[in-house]
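The block underneath contains the structure these notes are about, expressed in structure tokens.
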Amino acid sequence: MVSHTRTSSRPDQLRSLNQPRPLHIELEDGQPVALIDSTRQHRIASIQDTWIIEDEWWRQPISRQYFSVILGNGQSHTIYHDRISNTWFTQAY
């Protein structure tokens, strides 16, 4: 257990964790085959799962298609396509 530091909380210093990061995706037949993060290209070896989230229609619509992918080097990533803005993101959990 962490002892109390006696310092006040700093709500002005709060930030969200695991914010999505934009990236570029190469597609073949509508499926992602490679992701480009900064200047590096990574081939997608396999798509493990895919799902769609459509929510918040009463506020601001959300329509995303998620992909759980394995890259050629064995790393796993979760990427999604924002179907409203037609942009791609990666998000760590």
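Residue indices begin at 1 and follow the sequence shown.
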Under a 3.5 Å cutoff, is there a donor and acceptor pairing between the side chains of Gln65 and Thr50?
yes

Can you confirm whether Phe89 sits close enough to Ile25 that some side-chain heavy atom of one is under 4.5 Å from a side-chain heavy atom of the other?
no

For Tyr80 and Tyr66, take the angle between the two ring planes, folded into 0 to 90°, and tell me which bin it lands in: parallel under 30, tilted 30 to 60, perpendicular over 60.
tilted

Within the structure provided, determine whether His42 and Gln75 are in side-chain contact (heavy-atom separation under 4.5 Å).
no

Beyond-backbone contact of Ser63 with Asp82, side-chain heavy atoms, under 4.5 angstrom
no

Is there a donor-acceptor contact under 3.5 Å linking the side chains of Gln19 and Gln91?
no

Test item: Ile47 and Pro32 side chains (from C-beta on) under 4.5 Å apart, heavy atoms
yes

Can you tell if the side chain of Leu35 reaches within under 4.5 Å of the side chain of Leu71, non-hydrogen atoms only?
yes

What's the verdict on side chain to side chain contact (heavy atoms under 4.5 Å, CB included) for Arg83 and Arg64, showing C-alpha distance, side-chain angles and the deciding distance?
CA-CA 6 Å; Arg83 299 178 340 167; Arg64 297 175 180 171; 6.0 Å; no

Cluster question for you: counting only ILVMFWY and a side-chain heavy-atom cut-off of under 4.5 Å, with indirect links fine, are Phe67 and Leu27 together?
yes

May I have the step-by-step check of side chain to side chain contact (heavy atoms under 4.5 Å, CB included) for Ile44 and Ile70, ending in yes or no?
CA-CA 6 Å; Ile44 294 174; Ile70 304 294; over 6 Å; no

Evaluate the side-chain proximity of Ile36 to Leu23: yes if any heavy-atom separation is below 4.5 Å, no if none is.
no

Do Trp88 and Ile79 have side chains that get closer than 4.5 Å, going by heavy atoms?
yes

Could you work out, with side chain to side chain donor-acceptor pair (under 3.5 Å) as the rule, every residue matching Gln60, not counting sequence neighbours?
none

